[in-house]
Amino acid sequence: MGYQSNRELNGKRLGKRLDMTWIEGRFEENVITTTMEDAMNWGQQSSIWPMTFGLACCAIEMMATGASKYDIDRFGAGAFRATPRQADLMIVAGTVTYKMASRVRRLYEQMADPKYVIAMGACTVGGGPYFKYGYHVVKGVDLVVPVDVYVPGCPPRPEALLEGLMRIQDKIKARKITKGEQKLPIPHHSGYSALNV
């Protein structure tokens with residue numbers, strides 16, 4: 001008597017009455033069925049390319065996240081790109097000054113769509129301790145580019161940046177391609193945000 005699969009044994013046990021679904025037995029083993037949208041989202045969330053971009057001391061923690069101890073590559077985001085045209089994630093790490101704000105916006109506009117932004121550190125999120133006494137510091141990078149995930153801390157630990165990356169991956173996973181264009185909030189200097197129409 002040769003090898004029999006579990007499916008054949010179950011079929012013999014049930015006799016003529018088979019309680020299998022209509023798709024059972026129509027494909028070979030190790031075949032997965034999914035939607036095109038889920039496959040595209042899975043592919044994108046598993047191959048995020050951050051831009052090599054650090055402004056101040058938080059960039060050291062971003063480099064530590066890419067190093068061997070924390071290894072951001074495990075999450076599919078280890079290929080730091082040196083050009084915005086190949087990147088789809090901007091991690092703004094450090095103090096954003098008004099002089100640098102126009103360059104941050106220009107780099108953001110050169111990135112490929114869909115693009116995502118992580119604001120890393122207290123200075124990036126809200127100006128940090130500098131905006132009270134310094135006239136040159138932007139009170140949050142969300143006044144310059146739309147931010148998807150905020151990672152607080154001064155400086156935030158590499159684990160916090162990895163958590164922010166996982167929140168970006170959750171956002172990509174939940175994205176609906178068939179629903180039309182995604183509307184992103186555009187922040188204003190007044191503190192209120194309006195939808196991009």
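One-based numbering along the sequence shown.
- Counting heavy atoms from C-beta on, the side chains of Tyr150 and Ile118 never come closer than 4.5 Å.
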Distance-only criterion, 3.5 Å: show the donor-acceptor pairs between side-chain atoms of residues 50-66 and protein atoms not counting sequence neighbours.
unit_1: Thr52; atom_1: OG1; unit_2: Arg81; atom_2: O; d: 3.0
unit_1: Thr65; atom_1: OG1; unit_2: Glu61; atom_2: O; d: 2.8

From CA spacing to verdict: side chain to side chain contact (heavy atoms under 4.5 Å, CB included), Val138, Thr95: CA-CA 8 Å; Val138 177; Thr95 310; over 6 Å; no

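- Each of Val96, Val104, Leu107 was compared with Val145 under the side-chain contact (heavy atoms from CB on, under 4.5 Å) criterion, and only Val104 meets it.
- In this structure, the separation between CD1 on Ile72 and CG on Leu165 is 5.0 Å, given to the nearest 0.5 Å.
- Counting heavy-atom neighbours within 6.0 Å of Met40 CE, excluding the residue itself, gives a total of 12 or less.
- Clustering ILVMFWY residues whenever any of their side-chain heavy atoms sit less than 4.5 angstrom apart, transitively, puts Trp42 in a cluster other than the one holding Tyr116.
- The distance from the CG atom of Leu89 to the CZ atom of Phe80 is 8.0 Å, given to the nearest 0.5 Å.
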Worked check of side chain to side chain contact (heavy atoms under 4.5 Å, CB included) between Met111 and Met90: CA-CA 9 Å; Met111 288 171 58; Met90 176 188 277; 3.8 Å; yes

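- The side-chain hydrogen bond (donor to acceptor under 3.5 Å, both in side chains) test applied to Asp71 returns no partner, not counting sequence neighbours.
- Residues Arg157 and Tyr70 are in side-chain contact: their nearest non-hydrogen atoms beyond the backbone lie under 4.5 Å apart.
- Of all heavy-atom pairs spanning Ala39 and Thr34, the tightest one is CB-CG2, 4.3 Å.
- Residues Ile172 and Trp49 fall into different hydrophobic clusters, defined by Ile, Leu, Val, Met, Phe, Trp and Tyr side chains chained together at heavy-atom separations under 4.5 Å.
- Within 6.0 Å of atom CZ in Arg74, more than 12 heavy atoms from other residues, nucleotides or ligands are found, so the atom counts as buried in its surroundings.
- Rounding to the nearest 0.5 Å places CG of Asp88 at 6.5 Å from CD1 of Ile48.
- Tyr108 carries Lys115 over the face of its six-membered ring, with the cationic atom under 6.0 Å from the centre and within 45° of the normal.
- Nearest heavy-atom pair, Val125 versus Ala119, reported as atom, atom and distance to 0.1 Å: CG2-O, 3.9 Å.
- Between Val92 and Met120 there is no side-chain heavy-atom pair separated by less than 4.5 Å.
- Remark: Asp170 engages Arg167 in a side chain to side chain contact (heavy atoms under 4.5 Å, CB included) (not counting sequence neighbours).
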Residue pair Val149, Val151: steps toward the side chain to side chain contact (heavy atoms under 4.5 Å, CB included) verdict: CA-CA 7 Å; Val149 173; Val151 179; 4.3 Å; yes

